[in-house]
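Below you'll find the structure, written out as structure tokens, and then a few comments.
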Amino acid sequence: MDQDAYYRGIPTVPYDLLKEIVLALVASGVVIIALALALSSPDVPPLTIRTWAQQDPLDFVTTATSELGGTSFSAAYGPPYTDGSASVQTIGPIAPQRWAGNAVHLDPTQDFVLGPLGTAAIGNADLAAALHAYGSADGATQQGWLTAYSGALGTATTQNGAVVVAPGDYGPVPVLMTNLLGVARSGGLDGLLLSNGRFFETNYTRPLLFMGDGGYFAGLAADQHLLGSQWGMMNETGSYPGQAWLWLYSMWYQIPPYNTAPNADLLVVLTMFALTFLLAFVPFIPILRDIPHWIPIHRLIWRDYYRWRRTHPDPGTG
Amino acid sequence: MSTPDSAPTPGSTDTSWTGATRRFLERRLPLAHLLPSRQPFFVGSWVYVFGVVAVTGLIWVIGSGIVLAFFGPGWWHVSGVGRFVNSVHFWSVQLFFVFAALHLWGQYFMASWRDGRATTWLVGVVIFIVGLVTGFTGYVSQQNLDAQWIALNAKDGINGTGAGAFFNVLDFGQMYGIHVMLLPVLVTMLVVLHVVQVRLRGVVKPIEPRAPAASGDRPTDVAS
């Protein structure tokens, strides 16, 4: 573009681009450093399996029992974690969540309970026997134990960090859960859930999903105003601003039909895709590209120009 | 290798790739446009500062992010200096997004895509979107309660689109690597492209005081 021709007839003024950038860098730096010194930044320590088991052993055991029985939220979730379908979101016949299948591979019964207990059973004859008994039982028997034990947990109490249930026919399940709770309270389960047979590990899918299946984690999040119903995306722990730029994304979750739809996540994502597409292609979309002409904010922004134009009717054709 | 006698002189007779590229850049992006010392007088509005501040906010984000990346993701949780650097990172991100949003809305109400600047607008929107993803991967890389909860809840939206099969927000290593390497490079490249696009064509002229339907500039709104 020939800028001389484009701006023909319009006066120019001295302009120091680099000076403006440097001044802006310094000014923004002063503001940022002042905010950093005065307000610091949020850093509530992460939840661990150990803390969860110590602070709310009943919630931990209840969750672990659902993992053992394959009835937890994660077990039923579906792709990309499991073969379930409870959390698969669809629009009509379209289910993109299924397209790549069970890519992350998760077996909550084995990964969260039986696998760690198998490691912990080394040197623990009672636990080894309980694991053998559970593994040797048929599915119906296992299910009977789990159903009875899950029901008993509804009236269970905690004493000195242990979960106490009414007497009943639970098979080896109480031994399994008592040992899993003990390993969790010691901090051992945090490591066992990450163990992958190699040395290095950075994938926290298993412990996060396990904690997410319980109620304790959600309670902590609610206290910090992080739940979706609390516009959680825009909040941070400790009343700090969060990702405020996601206000529109967060807003859809608060209003019908999104806030009651079983496929709300997919609907919101697709809505945001559509709105982002519209935003990106505003220059090509009638009405959207005309709104700035109709709303005279530009007359405020360029008020000096329009004042000048009153006495200079023809600034050039460009 | 060419001998000195046979070397082409710089100019139109130089048919090498390098020479052609140089001539293209000299023609399309002369230094006088890249580093202007005069501008049309209407550039005096404060609206033009929003984009500059967003860029400087990004510079603070990247600078503090480099320090955080150098010392590792656990450092700032146990070091007072680290906590301060993280705070600079945190607040510069907030500043960047505030001014990026102000810049975006300012440019919208100026209809800055006019006269062949549609691709400049398009790249600006892409920067904002990539910035959102960069911010998100940063939030889930914090290694604190907030990071855990954001990751746990964000997975459902991402899984719903099918992206969870290859973009696992519960995998800290994947999120951290993307956050400290791929996305900052992408954002920086896009911002450089965006600024060059602006300097290439100059700022758009004010909307002329006449009805849109009669303005005659509609066809050039979308010309690239």
Side-chain angles (χ1 to χ4, degrees), chain A residues 1 3 6-7 10-15 17 20-21 24-25 28-29 32-33 35-36 40-47 80 89 96-97 99-100 103-104 202-205 208 212 221 226 236-237 241 243 245 265-266 269 276 279-280 283-284 289-290 292-293 297-298 301-302 304-306 318, chain B residues 35-42 45 47 52-53 56-57 59-60 77 83-84 86-88 90-92 94-95 97 108-111 113 118 121-122 125 129 132 135 139 143-146 148-149 151-152 156-157 159-162 164-165 168 170-173 201-202 206-207 209 212 221-222:
Chain A
M1 171 177 282
Q3 294 192 23
Y6 184 67
Y7 295 130
I10 299 176
T12 61
V13 293
Y15 176 77
L17 177 64
E20 181 176 307
I21 291 173
L25 187 65
S28 59
I32 290 165
I33 291 172
L35 287 167
S40 189
S41 53
D43 192 27
V44 173
L47 176 64
Q89 302 192 25
Q97 193 168 345
W99 292 346
V104 179
T202 60
N203 187 348
Y204 291 81
T205 301
L208 277 173
L226 298 177
E236 249 282 10
T237 52
Q243 300 174 85
W245 41 91
D265 293 305
L266 183 56
V269 168
T276 302
L279 180 66
F284 304 93
R289 70 182 182 187
D290 294 331
H293 295 262
I297 293 177
H298 61 275
I301 295 170
W302 286 312
D304 292 343
Y305 177 82
Y306 295 116
Chain B
L35 296 172
S37 54
R38 293 191 73 84
Q39 285 284 277
F41 77 101
F42 57 78
S45 171
V47 172
V52 174
V53 176
T56 59
I59 292 171
W60 282 101
H77 300 282
R83 184 68 174 270
F84 170 72
N86 182 72
S87 302
V88 169
F90 176 84
W91 289 108
S92 54
Q94 299 286 335
L95 186 93
F97 274 109
Y108 176 75
F109 284 109
M110 293 155 74
W113 51 79
W121 169 270
L122 184 60
V125 173
I129 302 305
L132 294 181
Y139 269 83
Q143 294 198 329
N144 56 22
L145 184 75
D146 194 47
Q148 290 177 306
W149 186 255
L152 188 65
D156 298 324
N159 290 340
T161 66
N168 182 6
L170 306 179
D171 186 336
F172 166 78
R201 296 182 181 280
I207 297 171
D221 277 4
V222 296

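Below, read A as the first sequence line, B as the second, and so on, with proteins coming before strands; counting in each chain starts at 1. On a predicted model such as this, the values are computed, not experimentally measured, just so you know.
Heavy atoms closer than 4.5 Å to chain A are found in both the backbone and the side chain of B:W149. The parts of B:F109 that come within reach of chain A are both its backbone and its side chain, each placing non-hydrogen atoms under 4.5 angstrom from that chain. Interface residue B:V88: backbone and side-chain heavy atoms are both found under 4.5 Å from chain A. With a 4.5 Å cut-off on non-hydrogen atoms, A:P45 touches chain B through its backbone but not through its side chain. The parts of A:V44 that come within reach of chain B are both its backbone and its side chain, each placing non-hydrogen atoms under 4.5 angstrom from that chain. Both the backbone and the side chain of B:F172 come within less than 4.5 Å of a heavy atom in chain A. When heavy atoms are compared at a cutoff of 4.5 Å, B:Q39 approaches chain A by way of both its backbone and its side chain.
Ranking B:G160, B:S92, B:G162 against chain A, the residue ahead of the rest is B:G160, based on heavy-atom pairs under 4.5 Å. Note on B:W121, B:W60, B:W91: by heavy-atom pairs under 4.5 Å with chain A, the leading option is B:W91. The candidate with the highest count of non-hydrogen atom pairs below 4.5 Å against chain A, out of B:T161, B:I129, B:I59, B:V47, is B:T161. Taking B:R83, B:Q94, B:Q148, B:Q143 one by one and counting their heavy-atom pairs under 4.5 Å with chain A, the maximum is reached by B:Q148. Ranked by non-hydrogen atom pairs under 4.5 Å with chain A, the options B:L122, B:N159, B:V125 are led by B:N159.
For A:T205 and B:N168, the side-chain atoms include at least one donor-acceptor pair closer than 3.5 Å.
Using cut-offs of 30° and 60° on the angle between ring planes, the pair B:F42 and A:Y305 is perpendicular.
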